[in-house]
Amino acid sequence: MTLVRTAEVVEPSRFRFRDVMRVGSSGLGTRRGRTILSALGIAIGIAALVGVLGLSESSKSDLLAELDALGTNLLTVQAGTGFGIGNAELPETASSMIGRIGTVQQVSAVSSVNVDVLRTDFIPSGQTGGISVVAAESDLLETLNGSVASGSFLTEAAGEYPAVVLGSVAAERLGIGEVGDGVFVWLGEQWVEVIGVLEPFVLAADLDRAAIVGVDAAEDFLNQDLAPGTVYLRVDPDLVNETRELIPRSVDPENPEEVEVSRPSDVLVAQAAAEDAFSSLFLGLGAVALFVGGIGIANIMVIAVIERRGEIGLRRAIGATRTHILLQFLTESLLLGFFGGVAGVILGAAVTAGYAASQGWTIIIPTIAVTGGLAAAVAIGAVAGLYPAMRAAGLSPTEALRSE
Amino acid sequence: MSRDRSGSPVALELRNVVKAYPGTPPVRALDGVSMVVHPGEMAAVVGPSGSGKSTMLHIMGTLDRPTDGSVLIDGVDTAELDDKQLSALRGRKIGFVFQRFFLLAGTTAIENVANGLLYSGIDPTIRREMAVEALRRVGLDHRLTHVPSMMSGGERQRVAIARALVHSPAFILADEPTGNLDSKSSAAVMDLLRGLHDEGSTLLVITHDDRIAGSLPRQVRVLDGRIEHDNGVLSLS
Ligand SMILES: Nc1ncnc2c1ncn2[C@@H]1O[C@H](COP(=O)(O)OP(=O)(O)OP(=O)(O)O)[C@@H](O)[C@H]1O
Ligand SMILES: [Mg+2]
C-alpha cells in the first residue's frame with residue numbers, strides 16, 4: 001500500500017529580501033562593463049534633468065531674492081506717449097492725486113530738467129554722454145529701495161548751493177568714483193557739487209544714467225518749470241493690481257488712456273521665465289535620453305535572460321518559484337535604473353555646482369530634482385525590466401536547462 | 001515515508017508515466033514508465049541517445065509534468081501540487097547534478113554550494129556552514145573560496161554534487177554527471193557518488209556508458225521511452 005500525503009507536507013520556498021538584493025546586484029557585478037554602459041542612458045537623462053532644474057533655480061535664486069528684497073509692489077507712472085524720462089509730462093498734480101489713493105504707501109516724482117551735465121566747462125555743451133538731469137524729492141531713494149555707494153543722497157533742507165547725486169552709470173561716464181570734498185560737475189552752466197553716487201537701481205535702470213538734483217534747487221538755481229515725468233510709487237503688496245487700475249483715472253480723469261502704469265519687477269520675472277523656456281528644451285532632451293536609456297535597459301535585460309537560461313533552470317531546480325525568478329530580474333533592472341539615477345544625480349549636481357559657481361550664483365540643487373530623478377530612474381528600470389523578467393519567469397525549467 | 005506493496009519505504013515512484021511532446025507526429029519521449037526507488041538505493045538509467053533518459057529525469061525531478069500517469073516523491077503525489085509547491089518540493093527533497101555543472105561564474109565554491117539552500121529560508125550564516133560541511137563531504141574543503149574558472153572539471157562537478165546534497169534531499173538525480181569529464185575525473189566523480197551511496201544517500205545516475213552503469217548496484221535500461229530491463233525490486237516482484 002502506498003500512502004499518499006498531501007501538499008501541506010512541503011514547506012514553501014522563500015527568497016529573503018537580503019538575498020534578493022544580493023542576487024540582483026551580483027548579476028550586475030559580474031558584468032560590470034555592460035552594467036555601466038546600459039545605465040549610461042539613464043544617467044545622462046537624469047543628469048540633464050537635475051542640471052536643468054538646478055541651473056534654472058540657481059540662476060533665478062539671486063534675481064528672485066533681490067526682487068524679494070526690493071519688493072514687487074513698485075509701480076511707475078508715465079505719460080503714455082512718452083519714451084522714457086522727460087519726453088512727455090504728466091499733470092502737475094499727478095503725485096498728489098496718486099498719494100490720495102488709500103493703498104498707495106509711498107510716492108515720489110521725478111521731473112526732467114532741461115540742462116546738460118558735463119565733467120568740465122571745456123566740453124562743448126550737447127556732449128552729455130547720454131546723461132540726463134532730473135529733479136527729485138529726497139524720498140526717492142527710499143521709494144525705490146535704492147542705496148548710496150558713496151556720499152549721501154539729497155536732503156530735505158534746500159542748501160545754499162545746489163547739489164547733485166549721480167546714478168551709477170552717470171558717475172562712471174563722468175569719471176567720478178568716490179565723492180569727497182569738492183567734486184564738482186558743470187551742470188546748467190554752473191559748478192555743482194556731487195554729494196553722492198548711487199548703487200544701480202534694479203527696478204529703475206533709467207535713473208542709473210541720471211544726474212539727480214533736488215526739486216528746490218532745480219527751481220531756484222536752474223530756473224526750471226517742473227512737471228513730473230515719472231512717478232514712482234509703492235502700493236499695498238496685496239492690492240497691486242487693483243491699485244494699478246485706479247491710477248490712470250486719478251492722475252488724468254480726462255485722458256486716462258494717456259497714463260501708462262508699469263510694474264518693473266514684471267519685466268525681470270519675464271526674463272527669468274524666458275530662461276525657463278530655454279531650459280524646457282533641455283528637459284525635453286533629458287526625457288528623450290531617459291526613454292532611450294529605458295529601452296537600453298530593456299534590451300540588455302532581454303539579452304541577459306537569454307544568456308542565463310541555464311542559470312534560470314538551475315534556480316528553478318533548487319527551489320526558486322516563477323515569482324522568485326521574476327523578482328531577481330526585476331531587482332536587477334531596478335538596480336540598473338537606480339545606479340544610473342545616482343550617477344545622473346551626481347553628474348547633474350556637479351555640472352550645476354560648477355556652472356553656478358563660475359557665474360557667481362548661489363548653488364541650488366532642488367530636492368525635487370534629486371528625489372524625482374531617482375524615483376524616475378528606478379521607475380524606468382522597473383518598467384524596462386518587467387517584460388524581460390516576465391519572460392525569465394515564464395521559462396519552463398526543462399526548456400531552460402536544455403538550452404545551450 | 002510511503003511504502004510499496006512489500007512494505008518497504010519508497011523515495012520515488014513512477015506509475016505508467018507518459019510524456020508526449022506535441023508535433024507531427026507527436027514524440028512519445030516516455031511511453032508508460034513505471035519504477036520504484038527505495039531509500040538508500042543507487043540506480044543507473046542507461047540507454048542510447050534520444051531514448052528518453054533526460055525526459056525521465058526531468059519528470060522524476062518535477063521539472064516537468066507527465067502527460068499521463070503519476071509521480072510520487074517521498075510519498076507526495078505531485079499531481080496535487082501547483083507550480084509553487086513543486087518548486088518547494090524540489091528545493092527541499094531533490095538534489096540535481098547536471099552534465100553542465102551550472103555553477104555561477106565568479107562565485108566561490110562555498111557560495112555556489114550555499115545557493116543550494118538559497119530558497120530554503122535558512123539563515124545565510126548557517127547556509128555557509130552547511131556548505132562548508134557539504135564541500136568537506138565531497139573532498140573539496142581546500143577549495144572553499146575558489147571560483148569555477150580556477151577549478152578543474154572534476155572539481156566543478158564535485159562542487160555541483162555538494163550543492164545537490166547540502167540540503168539532505170530524499171534523493172539525488174544526476175544527468176550524465178561525467179559527460180563533460182575525462183576518464184580520470186569521471187572515475188573520481190563516480191567514486192564520490194558511490195561513496196555517498198555507502199553513506200546512505202539515494203541516487204539515480206543517468207549515463208549512456210555501460211561500464212559506469214555496470215558498476216552500480218541496479219541498472220534500468222531505457223529504449224524508445226520504455227523500460228526495457230530493470231534488475232531492481234519492482235521488476236523482480
Ligand atoms: N521539448 C521537446 N519537444 C519535442 N521533443 C522533445 C523535447 N525534448 C525532448 N524531445 C525528444 O524526446 C526524446 C527524448 O529526449 P531525451 O532528451 O529525454 O533523450 P536522452 O535519452 O536524454 O538523450 P541523450 O542521451 O542524447 O541526452 C528525443 O527524441 C527528443 O528529441
Ligand atoms: Mg539526455
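All of these numbers come straight from a predicted model, not from anything done at the bench. Each chain gets a letter, A, B and so on, in the order the sequences are listed, and its residues count up from 1.
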At a heavy-atom separation under 4.5 Å, does [X] approach chain B through its side chain, its backbone, both, or neither?
X: A/Arg16; value: side chain
X: A/Arg308; value: neither
X: A/Arg22; value: side chain
X: A/Ser396; value: neither

Among [options], which has the most heavy-atom pairs under 4.5 Å with chain B?
options: A/Gly313, A/Ser26, A/Ala320; value: A/Ala320
options: A/Asp19, A/Thr323, A/Val23, A/Thr30; value: A/Asp19
options: A/Arg18, A/Glu399, A/Arg402, A/Glu311; value: A/Arg402

Please answer whether the main-chain N or O of [Y] pairs with a side-chain N or O of [X] as donor and acceptor at a distance below 3.5 Å.
X: B/Arg28; Y: B/Ala20; result: no
X: A/Arg34; Y: A/Ile300; result: no
X: B/Arg163; Y: B/Ala114; result: no

Taking side chain as everything from C-beta outward and backbone as N, CA, C, O, which of these in [X] sits under 4.5 Å from a heavy atom of chain A? Side chain, backbone, both or neither.
X: B/Ala105; value: backbone
X: B/Leu104; value: side chain
X: B/Gln99; value: neither
X: B/Arg127; value: side chain

Single hit among B/Val147, B/Thr107, B/Leu135 for side-chain contact (heavy atoms from CB on, under 4.5 Å) with B/Asn112: B/Thr107
Cationic N near anionic O, under 4.0 Å, B/Arg136 to B/Glu133: yes
Salt bridge present between B/Asp31 and B/Lys19 (N-O < 4.0 angstrom): no
Value rounded to 0.5 Å, distance of OG in B/Ser120 from CZ in A/Arg14: 8.5 Å
Parallel, tilted or perpendicular: ring planes of B/Phe98 versus B/Phe96, cut at 30 and 60 degrees: parallel
Parallel, tilted or perpendicular, as decided by the 30° and 60° cut-offs, for the rings of A/His324 and B/Tyr119: parallel
Pairs of heavy atoms under 4.5 Å with chain A: top-ranked of B/Thr62, B/Leu89, B/Asp175, B/Asp83: B/Asp83
Best-contacting candidate, B/Leu173, B/Asp123, B/Thr78, against chain A by heavy atom pairs under 4.5 angstrom: B/Asp123
